[in-house]
There are 2 protein chains.
Amino acid sequence: MTGQVRTVDGRVAGRRGQATRQKLLDCLGEMLSTSPYRDVKVIDVARKAGTSPATFYQYFPDVEGAVLELAEEMAKEGATLTDLVADRSWAGKSGTAAAEDLVEGFLSFWRKHDAILRVVDLGAAEGDKRFYKIRMKILNSVTNSLTEAVKEQQAKGRIDEDLNPGAIAGSLVAMLAAVAAHQKGFQSWGVKQADLRPSLTWLVHLGITGRKPPK
Amino acid sequence: MTGQVRTVDGRVAGRRGQATRQKLLDCLGEMLSTSPYRDVKVIDVARKAGTSPATFYQYFPDVEGAVLELAEEMAKEGATLTDLVADRSWAGKSGTAAAEDLVEGFLSFWRKHDAILRVVDLGAAEGDKRFYKIRMKILNSVTNSLTEAVKEQQAKGRIDEDLNPGAIAGSLVAMLAAVAAHQKGFQSWGVKQADLRPSLTWLVHLGITGRKPPK
DNA sequence: ACTTGTCCTGTCATGCCGTCAGCTTACCGA
DNA sequence: TCGGTAAGCTGACGGCATGACAGGACAAGT
């Protein structure tokens, strides 16, 4: 599937090469979380990695290309988000727990990767299909699971059949992603971190099941 | 309050100056909607405006500074979003209408200004207080109104008093903003534009009132 | 030691950034 | 009508990032 790691000019990368390549990626990730995306320069990343700009261009076409690589790595880890919603019951108290776990898992994942996710979000919003695909890869499993959950509730008559379950699930996931991205934003709004999770949990539960969670 | 428009080196801008300044802003806005933010260069904007890069620097410190200006303009227009929620009843059918209008107004505003809003979102997520303030300015009035609405429902016992009304309102607004920003994203998900609005309306109504909208 | 292929960097042409001095244009009072 | 003054614009320049190449350093096998 993946084949070997290759340099821009077609050579296969060996042990040493892969190490510096990874180091460049690590340094890029660090830069992204300390400087605005627009100001991240190849030369800075190379310096930080103790190498030269020319080396950077041996492994990546440009900064954007390297970010894509970083995002792919993250997307792989993001596959674990599926566990938060797969085979979960949304009935009664276990439903509340499902919502809680989903919110908690989502927020912490976003917090962990916020720097790259910002860029992915931007790229996707700008219409770049490559970023767009990665964003889908991360959100897809969660959204699909939630969509199924909504469909079940529709079958039970708790949610209007006219509503598109994918639209509901997608909107809820978008909400989680957006709140996670602007977590700090809420603070200076007078909303504390601790107040956020229960509210999100409540909204998610309500959106999926059409009912308020039991006390 | 504002005083006159000034150039970077302190001169007051006259008729002609303000015109070219505005032209630069217009061209910048156009560029932002056609190229990725990272690739927007001063020289391109200047060329497009039929002037020289030096002129650009006479009115703005850098690209970011000009974007901020553009964003301020938009924020002023965004004040009209208040009308979507101020003095609205959330009871019965009028509640459904309120939710519908809010969703519709929000989506169209975002669609109209998507290019600048992308950048504002990025800046805010990166922790830049200036972008952050602008984002708040736009969302504040809506959020505050919704917060009041939630409080009323809490007083009626329809929503758990333990939940923070600001967190609920903020999350719903974040959802609207996120969905608006990735409207195109939903399409290739199999969710049509037309399916989005009713679902969002339903979720907003549910979140604010704790109840499903009446048929 | 020699060969082979990987790995890195010095160097260079190109292009954008951001500044300054200086030129042109508009306005205004005498 | 005629300067005088301030606004408005730009050519030119040093500085820095980009991206490409050729060649040197290094490790591994023979």
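Sequence lines set the chain letters: A, B, ... in the order given, protein chains first and strands last, and positions in each chain run from 1.
Within the structure, a side-chain polar atom (N or O) of A:Thr55 is placed less than 4.0 Å from OP1 or OP2 of C:dT9. Phosphate proximity of C:dG10 to A:Ser52: absent, as no side-chain N or O sits under 4.0 Å from OP1 or OP2. The side chain of B:Thr20 contributes an N or O atom lying less than 4.0 Å from OP1 or OP2 of D:dC9. Of the side-chain N and O atoms in A:Thr51, one or more sit less than 4.0 angstrom from OP1 or OP2 of C:dT9.
Ion pair A:Lys76/A:Glu73 not flagged as a salt bridge, since none of the NZ, NE, NH1 or NH2 atoms sits closer than 4.0 Å to an Asp/Glu carboxylate oxygen. Note on A:Glu64 versus B:Arg38: no salt bridge recorded, every NZ/NE/NH1/NH2 to OD/OE distance being 4.0 Å or above. Salt-bridge annotation for B:Lys41 and B:Asp44: absent, with no side-chain N of the basic residue lying under 4.0 Å from a carboxylate O of the acidic one.
Minimum interatomic distance between A:Leu28 and A:Ala66 (heavy atoms only, all atoms of both residues): CD2-CB, 3.4 Å.
Here C:dC7 presents its C1' atom at 12 Å from CG of A:Leu24, a figure rounded to the nearest Å. The interatomic distance linking B:Gln18 (CD) with D:dA7 (C1') rounds to 12 Å, in whole Å. B:Lys23 has its NZ atom 11 Å from the P atom of D:dC9, to the nearest Å. With rounding to whole Å, B:Arg21 atom CZ is found 12 Å from D:dC9 atom P.
A distance of 12.0 Å separates CD1 of A:Ile134 from CG of A:Asp121, quoted to the nearest 0.5 Å.
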Report, one pair per line, the protein and nucleotides 15-21 of chain C atoms (nitrogen or oxygen only) whose separation is under 3.5 Å.
from	atom 1	to	atom 2	distance (Å)
C:dC17	OP1	B:Val42	N	3.3
C:dC17	OP2	B:Ile43	N	3.2
C:dG18	OP2	B:Tyr57	OH	2.7

N/O-N/O pairs, protein side and nucleotides 26-30 of chain D side, under 3.5 Å:
none

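With hydrogens and angles left out, the side-chain atoms of B:Glu100 and B:His205 include no donor and acceptor closer than 3.5 Å. Under the 3.5 Å distance criterion, with hydrogens and angles disregarded, a donor-acceptor pair is assigned to the side chains of B:Gln22 and B:Asp26.
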Acceptor/donor pairs from residues 166-184 of chain B side chains to any protein atom, 3.5 angstrom cut, sequence neighbours excluded:
from	atom 1	to	atom 2	distance (Å)
B:Ser171	OG	B:Ala167	O	2.7
B:His182	ND1	B:Ala178	O	3.3
B:Gln183	OE1	B:Arg111	NH1	2.9
B:Gln183	NE2	B:Ala180	O	3.0

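Under a cutoff of 6.0 Å and an axis angle of 45°, A:Arg118 and A:Tyr37 do not form a cation-pi pair.
Residue B:Arg11 is the one, among B:Arg11 and B:Phe56, whose nearest nucleotide of DNA chain D lies closer to the 5' end (criterion: closest heavy atom).
Taking every side-chain heavy atom of A:Tyr59 into account, C:dC7 is the closest of C:dC7, D:dC9, D:dT10.
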